[in-house]
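The figures here come from the full heavy-atom set of this structure, side chains too, leaving out hydrogens, waters and symmetry mates. Here the structure is a predicted model, which means the values were calculated and not measured.
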Amino acid sequence: MAHVCIHWFRKGLRLHDNPALMSALRGCKEIYPLFILDPCIHNKESMGVNPWRFLMGSLQDLDGSLRKLNLRLFVVRGKPQDILPQLFQKWGVSRMTYEYDTEHYSRSRDLKVSELAKEHGVEVVYKISHTLHDVDRIIEENNGKAPLTYGRFQTVLKTLGPPKRPIPSPTVEDIKDVKAPCVESHEEQQYGLPSLEELGHDLSCLQEAPFPGGEEEALRRLEESMERTGWVCSFEKPQTAPNSLSPSTTVLSPYLTFGCLSARTFWWRLADVYQGKKHSAPPVSLHGQLLWREFFYTASVGVPNFDRMLDNPVCTQIDWDTNPEYLSAWKEARTGFPFVDAIMTQLRQEGWVHHLARHAVACFLTRGDLWISWEEGKKVFEGLLLDGDWALNAGNWLWLSASAFFHQYFRVYSPIAFGKKTDKHGEYIKKYLPVLKKFPVEYIYEPWKAPLSVQKAAGCIVGKDYPSPIVVHEVISKQNIQRMKTSYGKRSQGVSQSPQPTKVAEKRKGPSVLDMLKNKKKKK
DNA sequence: TATGGTGTTGTGTCG
DNA sequence: ACGACACAACACCAT
């Protein structure tokens, strides 16, 4: 029996390495490639103009690639649990496929939708292809808990072997028996692509996108990076500059977030480049970066309430301040610290900043200077970043605020010194904060220290044309280290008093490969 | 159960 | 230019 099938695109906005799409095409007589604009995700508040534009571009590219196969993308608007049952009926659907998504929201949504599909006699098939591995298996192999250190994570990964090889894109041959429905009245039936204006963003401040969305651009960008074999083999993340004028890293993260690029395609492409050459290794290598992604994905699945402080068993409980003035100043790039403000400006304009730049501003907002909860910072990043991946964003905020994973809270980034290491002359600051363009080099990181005559000559008076610093970093950061110490003190008391997390972790049935290795060692 | 080594990416100072 | 060290001392993991 041939199927009428919906392939539901959510992430995974690509044709290459898309096993769910492939299984949609198998034994299929009619296919509806579908994207749902979900008001819970795609709204003005949680999605800023840049990520929205990236999504638009990705959908456009996807539709273009589908057209080459004589198919079209169907875009509909509404809650999936309302929309899908209607479509099941309207189109006479017998099968639905999608890529597995580990995010909390997605999992509960998919659970609901699967129930509805069952009621409508629709078979649901999903495949894992957003992550390198099945993260539930990683947790299982680690006795039901997510590894909390990278080292431990790597040990567990070794028992799983390399990720699966990516599969190729479907070809005309793969769809020769598949009928493309409703091609003619596509726009009239309101299945057309959304417009940039649809969310009601202000588009006037929009510059040309430095990182346009889409699978084609993702694969082009991948190849562009992989051509530099020497650079790829010697890549060490901590050695790359956060404030270079053009990115010092691949900027493939947005394409991974939306699934325009398959992580497994990237991983195996790197393995090709490494082949037979001396190369850097995790955690600092490019392979290592993909493993960090996997690490946080795993943690986000294994840790309850991963994206908040309360009832999060791995998160240090800290008495963060509520300070709307400080928060706005940080968000709107008016802290008075040029390095911080330049980063926040680039973030707003381009939707991407270097990982270490994120460190600097995240540390500044939380434990370093402003003592504002990492959850606030997380929300701001989510709206602005093209690669605002739920798991990675929450995980890195936990890390930077020394709430989980990272605990050396006395290592505080200086908003003055850190940037100087890789940009002595403050070129980066001058690019993103043109108001400071004429400031002499010796004051570019600390304009408030310049004598008034110098400020006048530079055409920029601190406190008038550019804000005065909102805190005295040298003083506040020392106080905050003490506050961290207090929070950590309470933490170690709390752990011994309160029982383990209420949720009982699912343990694997037999001994894990790790257990067996352990036993083997013991016998020796 | 105790203990010592380690941790992707700090700063500032000294030599 | 670069390494060593103090800062003050954490959590996690292997043994």
Evaluate the side-chain hydrogen bond (donor to acceptor under 3.5 Å, both in side chains) criterion for residues A/E236 and A/S280: first the C-alpha distance (whole Å), next the side-chain angles of each, then the deciding distance (0.1 Å), finally the verdict.
CA-CA 7 Å; A/E236 291 189 4; A/S280 55; 5.6 Å; no

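Checked against C/dA11, B/dT8, B/dT11, the side chain of A/V284 finds its nearest nucleotide in B/dT8. Of the candidate nucleotides B/dG12, B/dT8, C/dC10, B/dG12 has the atom lying nearest to any side-chain atom of A/A417. You'll find that the side chain of A/R411 is closest to B/dG10, out of B/dT11, B/dG10, B/dT8.
On the P atoms, C/dC12 is 23 Å away from C/dA8, given to the nearest whole Å. For C/dA14 and B/dT1, the C1' atoms lie 14 Å apart once the distance is rounded to whole Å. For the C1' atom pair drawn from B/dT6 and C/dA9, the interatomic distance equals 14 Å after rounding to whole Å. A distance of about 24 Å separates the C1' atoms of B/dT3 and C/dC7, rounded to the whole Å.
A/T240 and A/H354 are linked by a side-chain donor-acceptor pair at a separation below 3.5 angstrom, with hydrogens and angles left out of the test. Side-chain N/O atoms of A/H130 and A/R10 include no donor and acceptor closer than 3.5 Å. Counted by atom type alone, A/D341 and A/Y466 present one or more donor-acceptor pairs between their side chains at under 3.5 Å.
Straight-line distance from the NE2 atom of A/H407 to the P atom of B/dT6: 18 Å, rounded to whole Å. Residue A/Q408 contributes atom CD, which lies 9 Å from atom P of B/dG10 at whole-angstrom precision. Atom C1' of nucleotide B/dG10 and atom NE2 of A/H473 are separated by 10 Å, given to the nearest angstrom. Note: CZ (A/F406) to P (B/dT8) measures 10 Å, nearest angstrom. As rounded to whole Å, 16 Å separates atom P of C/dA8 from atom CZ of A/R367. With rounding to whole Å, A/Q479 atom CD is found 20 Å from C/dC7 atom P. Atom CG in A/L286 sits about 17 Å away from atom P in B/dT8, given to the nearest Å. At whole-Å resolution of the value, CD in A/Q482 and C1' in C/dA9 are 12 Å apart.
Judged by Watson-Crick or G-U wobble contacts below 3.5 Å, the nucleotide C/dA8 has no partner. B/dT9 makes up no base pair with any nucleotide shown, lacking Watson-Crick or G-U wobble contacts both under 3.5 Å.
Backbone-only engagement by A/F418 is indicated by non-hydrogen atom pairs under 4.0 Å involving sugar-phosphate atoms exclusively. At the heavy-atom level, A/K421 lies under 4.0 Å from the strands shown only through sugar-phosphate atoms.
Mapped onto DNA chain C by nearest heavy atom, A/K485 and A/P147 fall at different nucleotides, with A/K485 at the one closer to the 5' end. Between A/I481 and A/K424, the residue anchored nearer the 5' end of DNA chain C, judged by the nucleotide with its closest heavy atom, is A/K424.
For the pair A/I139/A/K145, no side-chain contact is recorded, criterion being any heavy-atom separation below 4.5 Å from C-beta on. The closest side-chain heavy-atom distance from A/S401 to A/W320 is below 4.5 Å.
The phosphate of C/dC12 (OP1 or OP2) has no side-chain N or O of A/T149 nearer than 4.0 angstrom. OP1 or OP2 of B/dG7 has not a single side-chain nitrogen or oxygen of A/R152 nearer than 4.0 Å.
Evaluation of A/Y409 against the base of C/dC10 yields no stacking contact (centre distance < 5.5 Å, interplanar angle < 30° required).
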